[in-house]
Amino acid sequence: MTPTDPKSHAGHTHQHVLGVPHVCTSCGAGLETPLACGDCGTMLTPSSEVSPYAVIGLEVAYEVDPKDLAQRVRKVARLVHPDFFASAGTTMRALAEAHGARLNEAHEILKNDVRRADWIVRHLGGPSEEQERQMPQSFLMEVLEWNEALDEGASAPPGSTERLALGPLEDELAAQRARTLALVAQALDPLPERGSAALTAVRRDLNAIRYLDRALRRLRDLRIGQPS
Amino acid sequence: MGYIELNVLDNAPKLVVIGIDLGTTNSLAAIWRDGRPEVLRVEGEPALVPSVINVRPDGSLVVGRSARALAIEDPEHTVFSVKRFMGRGLGDLDIDLANTPYQVTETESKLVQIHLRGRVFTPQELSAFILRAVVQQAERALDGATVASAVITVPAYFDDAQRQATRDAARLAGIEVLRIVNEPTAASLAYGLDQRKEGTVVVYDLGGGTFDVSILSIEDGVFQVRATNGDTHLGGDDIDRLLMGLARQALAGKVDDTVFQDATFQQAARLAAEKCKIALSNDPVADLVISLPELRVNLRRPVAREEFEALIDPLIERTFVCCRRALDDAGLAVGEIDEVVLVGGSTRIPYVRRRVEAMFGQKPHTQLNPDEVVALGAAAQAEVLMGGRRDILLLDVTPLSLGIETVGGAVAKLIQRNSTVPCSVKEGFTTYVDNQTGIDFHVVQGERELARDSRTLGRFQLKGIPPMPAGMPRVGVKFHIDADGMLTVTAKEESTGTTSSIEVKPMHGLTDGDVDRMLEESYSRAKEDFEERRRVDLVAELGTMLRHTHANIGVAKSRLDRESFEDLTDAIAAAEAAQGSLDLPTVQAARDALDRATIPLAAVLMDDVVKQAVSGKKLSEV
């Protein structure tokens with residue numbers, strides 16, 4: 001099996017998604033996922049460039065319906081999961097492992113608002129997090145303040161004023177995260193122009209969310225109990 | 001059907017695939033038969049095989065019930081709870097080793113070694129003996145069918161080294177592992193098939209040595225784990241240990257302190273604690289009884305349920321920290337849980353049930369036997385893997401984050417915990433000096449920020465990088481966690497396309513060479529070990545039969561015809577002589593002869609009771 005060249009199948013009725021194979025090389029049926037044919041069950045071998053959206057048969061868009069996503073993932077999992085190839089040969093088992101991992105990676109990206117936004121920014125030629133490191137001075141001052149409160153709360157005994165102050169701080173940071181994420185959603189829907197300045201703004205918001213998430217993770221661990 | 005049809009000839013051995021729950025305290029097997037999973041048991045025997053091993057004076061091994069029966073008599077050579085040693089080093093085992101009557105050491109690669117009668121065993125080897133005993137019992141229950149392969153369960157929170165150790169144990173036992181499945185996930189499968197319900201389910205699994213909590217959503221026949229958490233050192237053993245502490249307190253000052261170090265005392269205390277714990281599930285007060293005249297120990301310490309509950313409360317609290325973390329990782333509130341399923345023998349404790357009910361705001365589901373549900377789920381998963389059912393699918397997760405040590409000792413997370421498996425991630429590496437041909441990297445598992453606080457999964461050595469100026473090579477290393485939850489690492493130098501080789505130094509694990517050597521040794525030992533186990537079982541059975549017979553010898557004398565009575569007395573004499581025999585055929589023949597000779601007596605006794613003839617009944621069945 002070789003990756004299908006979509007151009008050789010001109011005139012078909014299925015959508016093109018990012019140059020992904022769209023018909024089965026074995027039986028010619030239309031594909032919902034480039035990983036395997038839902039009709040004849042043949043495992044296909046698309047190039048590693050296939051986008052996470054294409055893996056589960058979606059067009060690139062920021063908004064993803066979680067229910068639809070879960071349903072699609074289950075459907076593809078039924079075609080490629082290693083459990084269905086446990087008594088097949090070594091090659092098929094390895095292919096199922098690889099396809100299963102690709103499906104799960106796509107799912108991880110698509111179900112997570114931040115990872116999805118990050119993928120779209122890169123996909124549209126926007127800056128990576130390493131390229132856009134500048135954060136406004138005022139924001140960095142805020143970060144210093146939380147971390148100070150966090151350090152004090154973490155070293156104080158449970159029930160102390162410093163520790164109790166972490167409750168409102170967690171609420172505040174969670175609210176700030178929600179506001180920032182709403183800005184990201186607004187900027188990415190509809191998708192901005194490739195390489196536009198809007199992507200840089202989204203990247204900054206995503207970077208801010210990373211700072212917020214790190215603090216929220218620590219707050220959560222303190223509230224629930226340290227990970228072992 | 002869980003069968004592979006290999007041969008249509010009637011006398012060809014039937015090959016079967018089974019599910020095995022390799023537990024800390026007990027192990028058992030189940031099979032898929034007639035559209036449902038079924039626990040495998042030999043008629044008249046319990047299905048559970050105690051996960052206990054005893055080494056006899058002649059160096060042979062006894063496993064299961066017979067080994068457990070030898071615990072007090074021969075404590076120095078009886079190993080319980082070997083699962084807690086799997087994939088662990090001595091540094092992880094402080095609590096477990098505090099009361100261990102046998103010597104435990106560690107190799108350079110931090111592999112635990114247990115010394116018993118001059119022989120050295122790894123936890124993998126001892127687990128292999130348990131697995132073999134379970135398979136032998138399964139094969140007897142299946143009228144001599146041969147177990148071709150198995151699904152083996154492990155705690156969900158087992159790390160890579162612990163999973164690898166389990167896989168190696170199966171290899172040493174000569175079992176092909178079809179899949180390693182997480183215990184709570186297997187349990188959810190059994191529950192889901194039994195109840196035919198969909199929704200969000202919490203599996204609370206408190207076993208003999210480990211605690212797991214998994215949160216799953218069951219939809220369209222897909223069992224998707226949303227989050228899992230746990231503690232691989234928290235279970236019934238720890239509850240026993242608390243009760244043993246009570247016993248020691250009660251005896252302090254009354255007996256010599258050295259008694260507490262005595263192996264017989266330790267095993268007796270352990271069994272007394274377990275008995276007391278089990279009794280407290282039914283009674284408001286139960287006694288901790290240790291009676292060892294030779295050590296001048298005579299303890300009867302009443303334990304009230306309230307005292308017991310206060311004692312174990314901190315352990316239950318620890319399980320709830322795991323539960324809250326799992327809920328948080330799954331992004332779920334308690335109110336969104338549709339059902340809580342209890343698994344593991346320790347969930348029989350009423351206090352555990354009460355606390356779980358309060359924690360989740362609903363009565364937990366307890367209709368399934370908590371000892372059997374994991375094996376049943378494993379059998380169901382075996383059926384899926386054999387292609388028998390395509391309507392169910394388990395989507396499991398990796399319990400711990402995977403990372404590599406970076407400059408300065410920090411951990412760079414590559415795969416987050418609770419990622420669905422299989423999953424892969426690719427990471428680029430390069431060289432620091434010109435013409436460097438190798439790169440070392442340190443892979444860790446866990447949630448900690450610093451490598452020194454994390455568990456080492458392995459140290460990998462990349463070799464065969466083509467000589468180039470520093471920073472030029474682009475080595476892509478792929479980390480893949482497979483459907484068994486186990487890691488494989490592959491590497492490729494991308495500028496030239498050379499495949500670099502990777503050498504792994506396993507932590508707490510066996511190399512392939514170790515496994516091969518042990519396999520070779522065990523082949524020569526296997527027959528002896530099996531025969532010895534069978535002999536010990538038969539001698540125990542002989543004892544029971546003789547007791548029954550002696551109890552009724554008066555009836556036999558007055559009611560049996562002369563010939564039958566003489567047959568019986570001959571058989572008794574032969575059986576008594578055979579009790580001390582080390583030769584399996586002799587013991588077997590004596591047991592069979594006694595069995596036959598007691599049939600007339602059984603008939604007489606039965607006749608007395610119900611006034612009806614019983615033909616072919618044996619005394620032990622009356």
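Chain A is the first sequence line, chain B the second, and so forth, proteins listed ahead of strands; every chain is numbered from 1. The basis for the numbers below is simple: all heavy atoms, side chains too, and nothing from hydrogens, waters or symmetry mates.
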Exercise for the section: Please state whether the side chain, the backbone, both or neither of R102(A) comes within less than 4.5 Å of a heavy atom of chain B. Expected result: neither
Exercise for the section: Measure D391(B) against the heavy atoms of chain A and call it side chain, backbone, both or neither at under 4.5 Å. Expected result: backbone
Problem - Region of S419(B) that comes under 4.5 Å of a non-hydrogen atom in chain A - result: both
Practice task
Tell me, for E97(A) versus chain B, whether the close heavy atoms (under 4.5 Å) come from the side chain, the backbone, both or neither.
Solution key: both
Handout entry: Residue, of L394(B), T420(B), D231(B), that accumulates the most heavy atom pairs under 4.5 Å with chain A
Key = T420(B)
Fill in the blank from the handout: In terms of heavy-atom pairs under 4.5 Å with chain A, the winner among L393(B), V425(B), I481(B) is L393(B)
Exercise for the section: Measure from the side-chain N and O atoms of H99(A) to the backbone N and O of L44(A), and report whether any donor-acceptor pair falls under 3.5 Å. Expected result: yes
Practice task
Using non-hydrogen atoms and a 4.5 Å limit, figure out which bit of R93(A) sits close to chain B: side chain, backbone, both or neither.
Solution key: neither
What side-chain donor-acceptor pairs closer than 3.5 Å can you find for residues 81-91 of chain A, not counting sequence neighbours?
unit_1: H81(A); atom_1: ND1; unit_2: D83(A); atom_2: N; d: 3.0
unit_1: D83(A); atom_1: OD1; unit_2: R179(B); atom_2: NH1; d: 2.1
unit_1: D83(A); atom_1: OD2; unit_2: Q381(B); atom_2: NE2; d: 2.8
unit_1: S87(A); atom_1: OG; unit_2: L385(B); atom_2: O; d: 3.3

Practice task
Show your working on ring pair (Phe, Tyr, Trp, His ring centres under 6.0 Å) between W119(A) and Y53(A) and close with a plain yes or no.
Solution key: CA-CA 10 Å; W119(A) 186 87; Y53(A) 286 89; 5.4 Å; yes
Exercise for the section: Please determine which of L487(B), V489(B), V444(B) meets the side chain to side chain contact (heavy atoms under 4.5 Å, CB included) test together with L457(B). Expected result: L487(B)
Exercise for the section: Can you tell which part of I392(B) gets under 4.5 Å to a heavy atom of chain A, answering side chain, backbone, both or neither? Expected result: backbone
Practice task
For residues L173(A) and L216(A), report the shortest heavy-atom separation together with the two atoms involved.
Solution key: CB-CD2, 3.9 Å
Practice task
Heavy-atom distances under 4.5 Å only: say whether V421(B) touches chain A with side chain, backbone, both or neither.
Solution key: backbone
Practice task
Test ring pair (Phe, Tyr, Trp, His ring centres under 6.0 Å) on F139(A) and Y211(A) and set out the steps.
Solution key: CA-CA 10 Å; F139(A) 180 77; Y211(A) 280 96; 5.6 Å; yes
Practice task
Find out whether V17(B) and L178(B) are in side-chain contact, i.e. whether some heavy atom of one side chain is under 4.5 Å from a heavy atom of the other.
Solution key: yes
